[in-house]
There are 2 protein chains.
Amino acid sequence: MAATIKSVAELAGVSIKTVSRVVNKEGTVKPDTLQRVEQAIAELKYTPNKAARDLASNATSVLGYVYDNPNAYYIIDMQKGILDVCRKNNFELLIHPCDASSENIAQELVDMVDSAQLAGLVLSPPLSEMPDVLHHLNEKNISYVRILSGDSEFSSTLPYVLVNDFKAAFHITEHLIAQGHKHIAFIAGEVIHKSTTERLNGYKAALKKASIPFDESLVIEGTYSFETGVKSADVLLSMQARPTAVFACNDEIAAGTLFGARMKGVDVPKDLAIAGFEDSPFSRQTFPPLTTASQPTNEIAQSATSSLIQYLRAKKTKSHFDNLTQTFIPQLVVRSSTKVSL
Amino acid sequence: MAATIKSVAELAGVSIKTVSRVVNKEGTVKPDTLQRVEQAIAELKYTPNKAARDLASNATSVLGYVYDNPNAYYIIDMQKGILDVCRKNNFELLIHPCDASSENIAQELVDMVDSAQLAGLVLSPPLSEMPDVLHHLNEKNISYVRILSGDSEFSSTLPYVLVNDFKAAFHITEHLIAQGHKHIAFIAGEVIHKSTTERLNGYKAALKKASIPFDESLVIEGTYSFETGVKSADVLLSMQARPTAVFACNDEIAAGTLFGARMKGVDVPKDLAIAGFEDSPFSRQTFPPLTTASQPTNEIAQSATSSLIQYLRAKKTKSHFDNLTQTFIPQLVVRSSTKVSL
DNA sequence: AGCCAAAATGACAACGCTGTCATTTATTAT
DNA sequence: ATAATAAATGACAGCGTTGTCATTTTGGCT
């Protein structure tokens with residue numbers, strides 16, 4: 001049926017090993033044999049059998065992307081970025097959405113890596129920040145790359161990519177302050193996400209720099225959801241000393257806040273400025289569109305995936321792996337939810 | 001390192017073939033040997049090597065999900081549904097986002113199935129409706145299941161799942177009519193999507209049933225995007241005989257229309273009723289929330305995937321495959337964008 | 001007990017590739 | 001030219017399964 005390495009070898013008049021060398025670009029093949037073999041490969045439309053390859057080389061080339069994140073856009077972007085790099089490197093991608101709050105998530109991941117025979121994992125928050133999970137993976141000697149917002153207390157020789165939410169939050173808050181706001185509320189998402197505290201800290205730092213006292217009562221704890229935004233708007237707008245601006249931990253919360261403000265007949269941005277975070281597509285589609293911070297999710301994913309693949313290669317050949325970490329800073333995007341003149 | 005079938009066989013005191021029988025649930029093993037083997041498997045934490053298995057059985061158990069759809073929520077839901085069924089059946093899933101409008105998309109898919117050695121494909125619109133693509137797949141004897149909105153002119157013995165957009169659009173339009181509207185505009189998405197024409201036809205049918213003459217000028221052609229909605233609002237609201245209601249082909253367009261209406265100071269739903277389609281999360285998060293049609297994407301995906309797996313099994317054992325097609329009808333969800341009293 | 005069919009189990013090749021090591025061929029230095 | 005070395009190629013075992021077919025065991029009958 002399908003061409004095998006044997007049929008290619010016969011057609012090219014060489015041994016199967018030489019074909020293997022060509023396919024794997026080992027480089028130790030004479031130009032003219034190389035050409036003959038390539039010709040034969042093309043003629044027979046030969047594709048190496050993955051199963052045979054994996055079996056013989058005792059290594060798979062499938063990565064897993066594990067995530068628990070409600071933001072569909074983020075996930076889709078991540079997937080695309082990871083896939084791009086996978087394709088370029090002849091890796092495949094298995095996706096594994098899961099529930100980070102589940103009791104035995106660590107075991108689930110270990111089992112999954114095991115049964116799917118994965119070469120490594122790409123972990124995005126919050127999984128990438130859960131010591132228990134990382135610990136289990138390390139114990140089983142599973143390779144992974146992490147995408148982190150802010151430094152991790154959990155160090156290892158494995159690669160990771162940093163997204164500096166602190167600075168981005170700092171910039172957003174500074175922007176609000178620059179608009180003349182002094183009463184700025186902060187609506188937090190789940191605290192299990194490290195980004196939540198990073199963003200809160202960025203917010204605090206900007207206040208401090210502007211000598212605006214931090215007011216605990218202006219911080220509302222919630223989840224990364226529209227509902228949190230709606231409820232928070234209700235709370236904030238009923239306060240005696242109403243805030244004039246809100247920094248929501250993500251766009252969904254911000255959209256909810258906007259919704260809540262409108263329900264109360266509060267004009268945005270005149271009576272209340274609202275900023276989000278993440279630059280989701282719908283941050284552009286609310287009325288008015290939301291000021292937010294934009295991160296290059298696709299690039300982040302690519303960077304993480306290349307690191308992982310490099311790491312895996314180094315591990316296989318037992319050569320040295322240079323753990324050079326890339327850092328990304330989400331960029332402030334100003335839209336009319338915080339600026340009247342826009 | 002990892003346990004193999006051999007080590008399990010030794011521990012259990014049987015031949016590797018018997019272990020294989022147990023693992024594959026062939027059923028021809030005596031209860032007590034079965035138990036001994038299972039015990040050994042558990043003790044050694046044995047997981048069959050996928051590569052060896054695939055190689056020996058000459059069949060992979062990896063499905064591909066191919067899509068080109070801008071709706072992140074839809075894709076995520078589809079992925080989850082497909083994955084659920086895959087996991088239950090020990091299949092794996094490879095995702096393949098692509099560009100349906102690319103010149104050689106058909107070839108790309110064929111190559112991809114080839115190089116990734118896929119067992120079959122799950123196709124969602126618009127790929128599932130492109131004769132050229134299907135033709136190429138058939139030629140290469142590639143198995144696939146299609147998710148279709150409305151009957152397909154391209155028939156084959158392969159399974160498919162129907163989503164009746166016609167009826168759903170009919171219901172939405174009827175709802176608008178029931179609210180007293182007689183001038184109802186229709187904003188279309190890309191015509192490459194069959195769902196677009198299906199929805200248009202449903203709209204027409206409902207008008208007809210209510211004896212409302214179909215007015216060509218109330219139909220706007222666009223894309224499934226927010227921008228289309230914004231622009232269409234502009235056009236529609238500048239007409240001499242303004243429509244009082246809009247049926248947008250999906251929620252994103254509807255959100256854009258809403259945005260456009262607001263820009264013009266038009267009150268929704270009082271001066272303009274707006275309905276969308278798809279029940280995206282953000283249809284709940286606009287102000288006012290959007291009336292829409294909700295489809296059980298997850299279930300649809302599951303249904304499609306089971307069909308495909310059944311088909312593959314039947315094909316392998318050369319037994320008969322019963323092509324029983326399931327049909328889903330998106331349900332009307334009424335929210336305040338079309339109903340004042342809500 | 002003795003026979004037979006059916007059920008249970010095992011021996012072993014094969015799947016298509018890579019890794020190891022031996023062999024051949026080309027290249028360089030003398 | 002010749003030896004010494006490097007580069008190119010090949011032979012063949014093995015990777016961990018499943019499939020085929022042979023063999024052993026079991027249970028039901030006489």
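Letters go in sequence order (proteins before strands), and every chain restarts at 1.
For B/N58 and D/dG19, the CG to C1' distance is 11 Å, given to the nearest whole Å. Between B/L55 atom CG and C/dC15 atom C1' there is a gap of 4 Å when expressed in whole angstrom units. The NZ atom of A/K25 sits 12 Å away from the P atom of C/dT18 (whole-angstrom rounding). Rounded to whole Å, the distance from CZ on B/R36 to P on C/dA8 is 14 Å. Put simply, CG on B/D32 is 11 Å from P on C/dA8, counting in whole angstrom units. One atom, CD1 of B/I5, and another, C1' of D/dG19, lie 12 Å apart when rounded to the nearest Å. For B/K50 and D/dC15, the NZ to C1' distance is 17 Å, given to the nearest whole Å. As a whole-Å value, the separation of A/Q35 CD from D/dA8 P is 16 Å.
Within 4.0 Å of B/V29, counting heavy atoms only, lie sugar-phosphate atoms of the nucleic acid but no base atom. Residue A/N49 is in sugar-phosphate contact alone, with no base atom involved, counting any heavy-atom pair closer than 4.0 Å across all strands shown. Among the protein residues, A/V23 comes within range of no part of the nucleic acid, since none of its heavy atoms lies under 4.0 Å from any strand.
In the model, B/T47 has a side-chain atom that pairs as donor or acceptor with a side-chain atom of A/D114 under 3.5 Å. For the residue pair B/Q39/B/Q35, the side-chain donor-acceptor check at 3.5 Å is not satisfied.
Side-chain proximity of A/A56 to the nucleotides D/dT17, D/dG14, C/dT9 is greatest for D/dG14. Side chain of A/S15, nearest nucleotide from C/dC17, D/dT17, D/dA11: D/dA11. Among the nucleotides D/dG10, C/dC17, C/dG10, the one closest to any side-chain atom of A/K17 is D/dG10. In the set D/dT18, C/dG16, D/dT9, the nucleotide with an atom closest to the side chain of B/N24 is D/dT18.
Proximity of A/T18 to the phosphate of D/dT9: no side-chain N or O atom is located under 4.0 Å from OP1 or OP2. Listed pair A/T28 / D/dT9 fails the phosphate criterion, with no side-chain N or O lying under 4.0 Å from OP1 or OP2.
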May I have the list of side-chain donor-acceptor pairs in residues 142-150 of chain A shorter than 3.5 Å, sequence neighbours left out?
residue, atom, partner, partner atom, Å
A/S143, OG, A/K315, NZ, 3.0
A/Y144, OH, A/N138, OD1, 2.8
A/R146, NH1, A/S152, OG, 3.2
A/R146, NH1, A/F154, O, 3.4
A/R146, NH2, A/F154, O, 2.9
A/S149, OG, A/E129, OE2, 3.2
A/S149, OG, A/S195, N, 3.3

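Within the 3.5 Å criterion, the main-chain N or O of A/F91 finds no donor-acceptor partner in the side chain of A/N89.
Nearer the 5' end of DNA chain C, as judged by each residue's closest nucleotide, is the contact made by A/K6, out of A/R21 and A/K6. Each of A/K30 and B/T4 was assigned the nucleotide of DNA chain D with the nearest heavy atom; the assignment lying further toward the 5' end belongs to A/K30. Each of B/A52 and B/I16 has a nearest nucleotide on DNA chain C; the 5'-most of these lies closest to B/I16.
A salt bridge is defined here as a Lys NZ or Arg NE, NH1 or NH2 lying under 4.0 Å from an Asp or Glu carboxylate O, and B/R87 with B/E92 fails to meet this definition.
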